[in-house]
Amino acid sequence: MPAVGGISVGGGKAYPGSLTPFVTVTCIVAAMGGLIFGYDIGISGGVTSMDPFLLKFFPSVYRKKNLDKTTNQYCQYDSQTLTMFTSSLYLAALLSSLVASTVTRRFGRKLSMLFGGLLFLVGAFINGFAQSVWMLIVGRILLGFGIGFANQSVPLYLSEMAPYKYRGALNIGFQLSITIGILVANVLNYFFAKIKGGWGWRLSLGGAMVPALIITVGSLVLPDTPNSMIERGDREKAKAQLRRVRGVSDVDEEFDDLIAASEASSQVDHPWRNLLQRKYRPHLTMAIMIPFFQQLTGINVIMFYAPVLFSSIGFKDDNALMSAVITGVVNVVATCVSIYGVDKWGRRALFLEGGAQMLICQAVVAAAIGAKFGIDGNPGDLPKWYAVVVVLFICIYVAAFAWSWGPLGWLVPSEIFPLEIRSAAQSITVSVNMFFTFLIAQVFLTMLCHMKFGLFIFFAFFVVVMTFFVFFLLPETKGIPIEEMGQVWRAHPFWSRFVEHEDHDNRVEMGKGGY
Ligand code: BGC
């Protein structure tokens, strides 16, 4: 029977309690864990376009960029060590997110967040004082370890704390703090690049200590999740905590479901092997394909290299950094559109609209760059209106990503996995995401050098594929309680053949109340 302010979870069930101030503040603090990821994404591109930074650590790139004016524009930044600087972090994050899943499970989410904050803090400190390329790369590997821990634990923490009805919005809250981190980093880059004496990049890199301190202190003051307390055997405390979080004393139904979920998942000895069963084929496919496609939109070409890209198409360094600030604002605002619309218009509508919009923009940008730069990368004189048109279409592209594949690339996997495979499948999603982020960061500048404007056509091709993928293979998950999610696969023309023989009642039993 639905209680007032209660949260319907389907099948006539309702958990009492709503969005209390306590849970709201807790979730806002925890979601700030996304800031370190975002800050780093935003900072690296800007720093690598600052001349004093290039001169100190990558002098050959600097020479190519500034002294040799006849050089092909497509290839001016092509340097393996420069890309290694950006991409080393993602490999480190991939490895640590695997370790973090064990820490998170055995010792609680808070400890993983604390590790994340501390590792990131040390990495930022080393980077701020870096004297050599190797110090830079060691610092970045530590930042990557930090991000791996944070990205593994923060979304899990949010999902466990959030009242059922608000899980989607709070998930996107994490993405929102990623985009805020990117924007803050872009703004800081813009100002720090102006510092006389050319040491502004040290402030940009060292400034990462601020979001690191936020997550570190946050992890110390945040309460533990009831789920984590149950998992570690403290049922009494867990129940008191659940009452506090929900703001009501009648939490018996949800509490019993949490116990049942915890017991069910502790009976699964081999979640990884479990994933290979035929009935989990749709889930495994999504765990791999969604993060893969998210990265193959090409978004991180813009996020990491916007200033580099903009200065390649003829902007002065200062304008190039300013353009990154503009795309950063668009990214934050468009993410809010997604928070507003995701439960109204549904996931599929956002995915399909976003895909079409990205495709158009990529085609325009490819044509514009191709027309001016041709094959040899020599643009001659570029009129101002031309650069404005390119930036405009890049902004429309970023907006499309920010209300579709950006947030949904994290939200949809987290809501479609049944409890018994949830943590293993989520680890796959995180690892695949980090791997392709790494790959694109590492090969982008080389690809730009060789594929030229065709690079935008390359990403456009994948946008077409992913849009068809969503159209034919991704069922709508809006408004469906997690434990009822099995029905979307059984009703699906393609996936039903994999899941139709499964024991539905048993699955519902195992999935209920879990995160
Ligand atoms: C992606 C990042 C990307 C960011 C941009 C995130 O969802 O995982 O790779 O840089 O969105 O806002």
Side-chain angles (χ1 to χ4, degrees), residues 7 9 15 18-19 23-38 97 104 109 112-113 116 147 150-182 215 218 222 225 227 245 283 286-287 290-291 293-294 331-332 334-351 354 401-419 422-423 425-430 432-433 474 476-485 488 511 513-515:
I7 297 160
V9 292
Y15 298 147
S18 61
L19 207 56
V23 81
T24 310
V25 172
T26 299
C27 286
I28 290 174
V29 174
M32 283 185 194
L35 288 176
I36 59 171
F37 185 35
S97 72
T104 304
R109 291 73 176 122
S112 279
M113 283 193 230
I147 287 174
N151 284 14
Q152 175 72 31
S153 51
V154 173
L156 203 69
Y157 182 93
L158 288 172
S159 292
E160 290 180 349
M161 273 297 182
Y164 176 83
K165 196 175 163 189
Y166 304 98
R167 196 195 312 273
L170 286 164
N171 234 293
I172 302 186
F174 179 64
Q175 171 76 11
L176 185 66
S177 77
I178 294 175
T179 61
I180 291 172
I182 296 175
I215 178 176
L222 283 172
T225 68
N227 315 53
V245 172
H283 312 89
M286 298 303 161
I290 290 180
F293 282 140
Q294 190 205 50
N331 198 13
V332 173
T335 304
C336 297
V337 173
S338 188
I339 292 179
Y340 173 80
V342 70
D343 293 314
K344 285 187 171 38
W345 312 319
R347 284 75 165 139
R348 276 170 59 86
L350 285 171
F351 268 130
F401 175 87
W403 62 55
S404 62
W405 282 90
L408 303 181
W410 295 106
L411 170 63
V412 172
S414 80
E415 66 186 5
I416 59 170
F417 306 136
L419 180 70
R422 194 164 295 154
S423 67
Q426 190 66 24
S427 300
I428 290 183
T429 296
V430 175
V432 171
N433 195 302
L474 188 73
E476 180 58 66
T477 49
K478 171 188 106 176
I480 301 189
I482 288 182
E483 68 271 35
E484 292 295 313
M485 205 56 82
V488 303
Y515 52 81

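The basis for the numbers below is simple: all heavy atoms, side chains too, and nothing from hydrogens, waters or symmetry mates.
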Just verifying a value: how many Å separate [X] [atom1] and [Y] [atom2], rounded to the nearest 0.5 Å?
{"X": "C27", "Y": "N171", "atom1": "SG", "atom2": "CG", "result": "10.5 Å"}
{"X": "M113", "Y": "L222", "atom1": "CE", "atom2": "CG", "result": "6.0 Å"}
{"X": "Q175", "Y": "T335", "atom1": "CD", "atom2": "OG1", "result": "5.5 Å"}
{"X": "S153", "Y": "I215", "atom1": "OG", "atom2": "CD1", "result": "6.0 Å"}
{"X": "F174", "Y": "F37", "atom1": "CZ", "atom2": "CZ", "result": "7.5 Å"}

Can you give me the closest heavy-atom contact between [X] and [Y], atom names plus distance?
{"X": "E476", "Y": "R348", "value": "OE1-N, 3.1 Å"}
{"X": "I172", "Y": "S338", "value": "CD1-OG, 3.8 Å"}
{"X": "L408", "Y": "I290", "value": "O-CG2, 4.4 Å"}
{"X": "S404", "Y": "F351", "value": "CB-CA, 4.1 Å"}
{"X": "A402", "Y": "N331", "value": "CB-OD1, 3.3 Å"}
{"X": "L158", "Y": "A30", "value": "CD2-CB, 3.9 Å"}

Under 3.5 Å donor-acceptor, [X] side chain and [Y] backbone:
{"X": "K478", "Y": "V342", "value": "no"}
{"X": "T179", "Y": "L176", "value": "yes"}
{"X": "R109", "Y": "V154", "value": "no"}

Exercise for review: Start with the C-alpha distance between Y340 and W345, add both sets of side-chain angles, then the distance that settles side chain to side chain contact (heavy atoms under 4.5 Å, CB included), and finish with yes or no.
Suggested key: CA-CA 9 Å; Y340 173 80; W345 312 319; 3.9 Å; yes
Practice item. Only one of I180, I182, I178 passes side-chain contact (heavy atoms from CB on, under 4.5 Å) with L35; say which it is. Key: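 Going through the options one by one, the only one that passes is I180.
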Review point. Heavy atoms, side chains only, cut-off 4.5 Å: are M286 and V412 in contact?
Key: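 They are not in contact (no side-chain heavy atoms under 4.5 Å apart), so the answer is no.
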**Study point:** Residue pair V430 / W410, side-chain heavy-atom distance below 4.5 Å
**Key:**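 Yes. Closest side-chain heavy atoms under 4.5 Å.
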